Amino acid sequence: MWWLGVVDETALGLKPSDLNGLSAPMFLFYFFFGSIIYALRFYLPYIAIAGALAILLARWQMGQKWKSTA
């Protein structure tokens with residue numbers, strides 16, 4: 001999180017002027033893709049759990065029908 005100033009750039013062997021060229025691209029990246037990153041970061045685990053449960057439920061239902069016809 002060096003772009004927020006949490007890490008001392010000089011401890012990494014960088015001069016503060018080396019990072020000035022990255023501020024505009026990083027801002028634009030997060031401005032345009034920040035909502036997508038937020039949604040994936042916080043909602044993707046729930047979507048994955050719901051998908052896994054749907055697959056398990058479908059397989060269970062299929063198994064019940066398969067057992068009843070045999």
Side-chain angles (χ1 to χ4, degrees):
M1 296 193 341
W2 48 266
W3 59 86
L4 295 176
V6 178
V7 177
D8 183 19
E9 298 91 358
T10 57
L12 300 173
L14 298 171
K15 296 182 299 245
S17 60
D18 294 338
L19 303 175
N20 288 339
L22 294 176
S23 60
M26 289 299 291
F27 172 77
L28 291 175
F29 178 81
Y30 282 106
F31 182 79
F32 288 113
F33 298 111
S35 59
I36 297 170
I37 293 170
Y38 175 83
L40 288 177
R41 184 176 173 192
F42 290 105
Y43 296 124
L44 189 62
Y46 298 113
I47 293 169
I49 290 170
L53 288 176
I55 291 170
L56 289 174
L57 181 64
R59 288 180 60 94
W60 183 72
Q61 292 290 334
M62 183 176 64
Q64 293 293 325
K65 290 179 185 176
W66 179 72
K67 288 178 186 176
S68 64
T69 59

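Just so it is clear, the model here is predicted, and its values are computed rather than measured.
- Hydrophobic clustering (ILVMFWY, side-chain heavy atoms < 4.5 Å, transitive): F32 and F29 are in one cluster.
- Qualifying side-chain contact (heavy atoms from CB on, under 4.5 Å) partners for F27, counting only residues two or more places apart in sequence or in other chains: F31.
- Under the rule for a ring-ring contact (aromatic ring centres under 6.0 Å, His included), Y43 has no partner lying at least two apart in sequence or in another chain.
- Considering only residues two or more places apart in sequence or on other chains, I36 meets the side-chain contact (heavy atoms from CB on, under 4.5 Å) condition with F33, L40.
- Judged as a side-chain contact (heavy atoms from CB on, under 4.5 Å), and not counting sequence neighbours, the contacts of L57 are W60, Q61.
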